[in-house]
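What follows is a short report on a single structure.
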Amino acid sequence: MSQEHADKSGFDTRAIHAGYEPDPTTGAVIPPIFATSTYKQDGVGGLRGGYEYSRSANPTRTALEGALAAVEDGERGFAFASGLAAEDTLVRGLCRPGEHVVLPDDAYGGTFRLFDKVEQVWGLAHTPVPVSDVDAVRAAIRPGETKLVWVETPTNPLLNIADLEALAAVAHDAGALLVVDNTFATPYLQQPLTLGADVVVHSTTKYVGGHSDVVGGALVVRDHDLAERVGFHQNAMGAVAGPFDCFLTHRGLKTLGVRMDRHCDNAERVVEFLAGHAAVTDVIYPGLPEHPGHEVASRQMRRFGGMVSFRVTGGVEHALAVCDRTRVFILGESLGGVESLIEHPGLMTHASVAGTDLEVPADLIRLSVGIETADDLLADLDRALSGG
Ligand SMILES: Cc1ncc(COP(=O)(O)O)c(C=O)c1O
């Protein structure tokens with residue numbers, strides 16, 4: 001699809017067509033898996049279509065990267081071997097030792113570990129703050145030193161909401177860039193670059209891939225200068241996505257819109273059910289009017305996503321029993337696949353923050369609500385909560 005056409009199309013049309021024209025040789029409608037490391041040159045320096053070596057560029061990856069840029073409304077997309085590989089490339093590409101970043105105090109644990117145990121050793125300082133508090137973010141910025149304000153929204157697992165327009169202004173006033181990890185919301189529900197962010201980060205392992213069958217990451221940038229810098233570091237650091245992984249991720253991306261609508265429909269049913277259950281003490285979902293971030297989320301998100309957290313009566317023992325008793329919800333880490341998952345953040349995804357200020361409640365359960373038949377999900381939760 002031409003760039004001009006892609007720019008004017010709706011989300012699903014872009015997700016399906018952007019980044020790729022049917023193959024000129026065969027007419028293949030889907031980007032082939034180019035399992036090649038190198039390319040025949042038409043004489044020295046005579047590259048065909050710019051391809052010389054697959055770390056630098058591969059046509060299967062080019063197609064995915066074009067589609068990612070189109071769905072995020074960005075200048076250029078970049079595909080990586082994992083979400084963390086994308087993050088590391090971005091941070092070490094844009095920051096220098098002696099500089100500083102502001103982080104969510106409830107960032108994904110692997111992101112926090114990357115900053116705390118890897119980038120810090122390299123000389124990059126960080127300050128964790130509650131990103132739903134704009135003043136706290138402003139106060140954490142070190143003028144002249146802070147290069148990135150890093151945000152997730154909704155956060156994991158407490159589903160806090162950051163006001164992206166307000167934080168873009170705060171970051172830009174201080175000469176910093178706003179980076180948004182859009183993994184939970186996805187570009188279907190929220191487009192941070194259109195709200196003033198400079199870079200979007202994804203673990204495409206989650207909703208973008210959508211089928212729990214591939215690990216990947218992505219960056220999408222807002223302007224040409226950032227595209228040049230990230231592109232240079234993607235090639236120089238080499239943590240690229242391989243062609244098979246790009247194929248799977250791109251296949252997932254094409255159905256992102258319809259899947260997200262079903263994730264949201266099912267999550268809303270689950271939230272309604274949990275809110276009326278006697279064994280549930282609190283339901284956390286940005287779509288609920290009483291959620292502290294509801295007003296901001298309503299402004300910047302199309303809908304409220306497929307992640308739901310809740311607390312139960314009976315403390316940690318009951319929470320663990322519920323996780324153990326579901327049959328349709330699979331006990332497991334990760335999120336964003338078609339199948340529903342249940343987990344206990346305190347002892348699973350967030351075990352590494354136990355005993356710190358970031359510790360999550362012991363009676364908290366997190367659901368990644370999948371796209372199965374909603375009635376089956378409700379019956380499964382009912383049985384698990386009732387001890388059946
Ligand atoms: C919000 C978020 N960002 C980044 C990552 C890291 O991505 P990956 O596991 O693909 O490296 C994850 C993984 O769980 C995540 O949930």
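None of these values were measured; they are calculated from a predicted model. Counting starts at 1 for both ligands and their atoms, following the listed order.
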Numbered atoms and elements of ligand 1 in range of Gly216, under 4.0 angstrom, heavy atoms
10 (O)
For ligand 1, which atoms, with element, lie under 4.0 Å from some heavy atom of Ser82?
10 (O), 11 (O)
In terms of atom number and element, which parts of ligand 1 are under 4.0 angstrom from non-hydrogen atoms of Thr205?
10 (O)
Specify the protein heavy atom at minimum distance from atom 13 (C) of ligand 1: its residue, its atom name, and the distance to 0.1 Å.
Lys206 NZ, 2.5 Å
Can you find an N/O atom of Phe184 closer than 3.5 Å to an N/O atom of ligand 1?
no
Using a 4.0 Å heavy-atom cut-off, say whether Thr183 meets ligand 1 through its side chain, its backbone, both or neither.
side chain
Would you call Glu333 a ligand 1 contact, heavy-atom distance under 4.0 Å?
no
Has ligand 1 got any nitrogen or oxygen that is less than 3.5 angstrom from a nitrogen or oxygen of Leu84?
yes
As an exercise, identify every atom of ligand 1 less than 4.0 angstrom from a heavy atom of Glu87.
3 (N), 4 (C)
Is Asp265 paired with Arg262 through a side-chain N to carboxylate O contact shorter than 4.0 Å?
no
For Asp181, the ligand 1 atoms whose distance to one of its heavy atoms is below 4.0 Å:
1 (C), 2 (C), 3 (N), 4 (C)
Do me a favour and list the nearest non-hydrogen protein atom to atom 15 (C) of ligand 1 with residue, atom name and distance?
Tyr108 CG, 3.6 Å
Would you say the ring centroid of His277 lies under 6.0 angstrom from that of Phe310?
no
Have Arg259 and Thr255 got a donor and an acceptor in their side chains that come within less than 3.5 Å?
yes
Under 3.5 Å: donor-acceptor pair, side chain of Arg325, backbone of Ala384:
yes
Counting the benzene-type ring for Trp, do Phe304 and His291 have ring centres under 6.0 Å apart?
no
Taking Thr155 for its side chain and Asn160 for its backbone only, find out whether a donor-acceptor pair lies under 3.5 Å.
yes
Using atom types as modelled and distance alone, determine if a side-chain donor or acceptor of Ser368 lies under 3.5 Å from a backbone N or O of Leu341.
no
Identify the two heavy atoms, one from Glu152 and one from Pro104, that lie closest to each other, and give their separation to 0.1 Å.
N-CG, 3.8 Å
